[in-house]
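Right, one structure below, let's go through it.
Note on naming: letters A, B, ... go to the chains in the order of the sequence lines (proteins, then strands), and numbering restarts at 1 for each one. Remember, predicted model here, so these are calculated numbers, not experimental data.
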Number of protein chains: 2
Amino acid sequence: MRLLPHPATESIQLTEVLRALADPVRLEIVVRLSVQKEQTCSGVGEELGVHKSTASHHYRMLRESGVVMTRQVGRLKFMRLRRDDLDARFPGLLDSVLAAARADDAVLATARAEGVRAVESVPAHGG
Amino acid sequence: MRLLPHPATESIQLTEVLRALADPVRLEIVVRLSVQKEQTCSGVGEELGVHKSTASHHYRMLRESGVVMTRQVGRLKFMRLRRDDLDARFPGLLDSVLAAARADDAVLATARAEGVRAVESVPAHGG
DNA sequence: CGCATAGTTTTATGGTTGTCAAACGATTAG
DNA sequence: CTAATCGTTTGACAACCATAAAACTATGCG
């Protein structure tokens, strides 16, 4: 089990976080992660209908901006929201964005069209 | 006195708002507007050290995304945060972003370097 | 080792963006 | 109308980005 390099909590930049969240695909990834805690890269990629390299690009954006954390277990990589870190650095920001995403019709429409499956077969991790 | 076209509250899109806020110059404009309520275009432009056409570009982004409202008085145009509209559509989002901007060292450093002047000679408007 | 799986990196491409300069439009003052 | 002011629009340019195909890395299984 390994952990990929992530920015320290203190070095998370607001503009980078906002830009990471400003993309529809990434915002939906974040919304899904807020529901089911952890998700594999390929899982999200397939559900969102983007190429795996495109998905990897978004994972990187989310990781480098400090929004998600990635841990590797074997061949799989699980992503997870850095809720505590984001809350510590920018209190209330993530929650308001998530609430806003649920209030935004466009985002909701996309989420409904795809459906939020894959809650199955995701091994829980810590808690 | 005239009002420029702005998106209706219901049609404000989250991703567009986030993208508008994800630029350092625009984020600083928003922070300043949160302090002094109204500001002229040229005022902000000069303080931020960007060309007036660049400033105008940012104003447009902020206006079209629904973040600010612009009213014209003679030759001057005053910008103002659409606090109520944003709060109605995305409760807590603007406040948390503003709080985050104050907590973000990079943004703070820029704000400090420039200083927040120009609170003079800005005619108050309504309440 | 060979083979399959899971992601990343590279390369390429079309689109967007931030920036400035210069031209334009709109408003006010004479 | 002319001149000056304030801001927008257009043109140009470099940088970045979202996307996908292909090549590559890394892990796991025999």
- Ignoring backbone atoms, establish whether A:Ser56 has a side-chain N or O less than 4.0 Å from OP1 or OP2 of C:dT8. yes
- pair B:Val68-B:His6: side-chain heavy atoms closer than 4.5 Å: no
- Item | Phosphate OP1/OP2 of D:dT19: any A:His58 side-chain N/O under 4.0 Å | yes
- Message: Please give me the minimum heavy-atom distance between A:Ala20 and A:Ser65, naming the atom from each residue.
- Response: CB-OG, 3.3 Å
- NE2 of B:His57 versus C1' of D:dG11: gap in Å, rounded? 15 Å
- Phosphate OP1/OP2 of D:dA20: any A:Thr54 side-chain N/O under 4.0 Å: yes
- Message: Could you check whether any side-chain N or O of A:Glu64 sits under 3.5 Å from a backbone N or O of A:Gly66, counting only pairs where one atom can act as donor and the other as acceptor?
- Response: no
- Message: To the closest 0.5 Å, what do you measure between CG (B:Leu18) and CZ (A:Arg26)?
- Response: 11.0 Å
- Task: Any chance you could measure B:Thr9, atom OG1, to B:Arg82, atom CZ, to the nearest 0.5 Å?
- Result: 5.0 Å
- Message: Donor-acceptor check, side chain of B:Arg89 to backbone of B:Ile12, threshold 3.5 angstrom: yes or no?
- Response: yes
- Message: Just the rounded figure in Å: distance from P of C:dA6 to CD of A:Gln39.
- Response: 15 Å
- Message: What's the closest nucleotide to the side chain of B:Lys52 if the choices are D:dA21, D:dT19, D:dG7?
- Response: D:dG7
- Task: Consider the side chain of B:Arg26, meaning its heavy atoms from C-beta on, and name the nucleotide among C:dT8, C:dG18, C:dC20 that approaches it most closely.
- Result: C:dG18
- Message: Tell me whether the side-chain N/O atoms of A:Lys77 come closer than 4.0 Å to OP1 or OP2 in C:dT8.
- Response: yes
- Item | d(CE, B:Met79; C1', D:dG7) in whole Å | 11 Å
- Query: Rounded to the nearest Å, what distance is computed from the CD atom of residue B:Gln72 to the P atom of nucleotide D:dC6?
  - Reply: 13 Å
- Inter-end axis angle, the helix from C:dC1-D:dG30 to C:dG30-D:dC1, with every axis fitted to five base pairs (rounded, 10 degrees): 20°
- Reported CG-to-OG1 distance for the pair A:Leu48 and A:Thr54, which is rounded to 0.5 angstrom: 11.0 Å
- Item | Spacing of CE belonging to A:Met79 relative to OG1 belonging to A:Thr40, to within rounding of 0.5 Å | 7.5 Å
- Give the rounded distance in Å between these two atoms: CZ of B:Arg71 and C1' of D:dC6. 15 Å
- Query: Per the atom types in the model, does the base of C:dA6 pair as donor or acceptor with the side chain of A:Thr40 at under 3.5 Å?
  - Reply: no
- Rounded to the nearest 0.5 angstrom, the OG-CZ distance for B:Ser56 and B:Arg63 is 7.5 Å
- Item | Point-to-point distance, once rounded to the nearest 0.5 Å, from OH of B:Tyr59 to NZ of B:Lys77 | 11.0 Å
- Message: Does D:dT19 have OP1 or OP2 under 4.0 Å away from a side-chain N or O of A:His51?
- Response: no
- Query: How long is the line joining CZ of B:Arg75 and C1' of D:dT8, in whole Å?
  - Reply: 16 Å
- Item | Distance test, side-chain N/O of B:Arg19 to OP1/OP2 of C:dT16, below 4.0 Å | no
- Item | DNA chain D-proximal residues of residues 59-67 of chain A, any heavy atom under 4.0 Å | A:Met61
- Query: What nucleotide among D:dA21, D:dT27, D:dA18 has an atom nearest to a side-chain atom of A:Asp23?
  - Reply: D:dA18
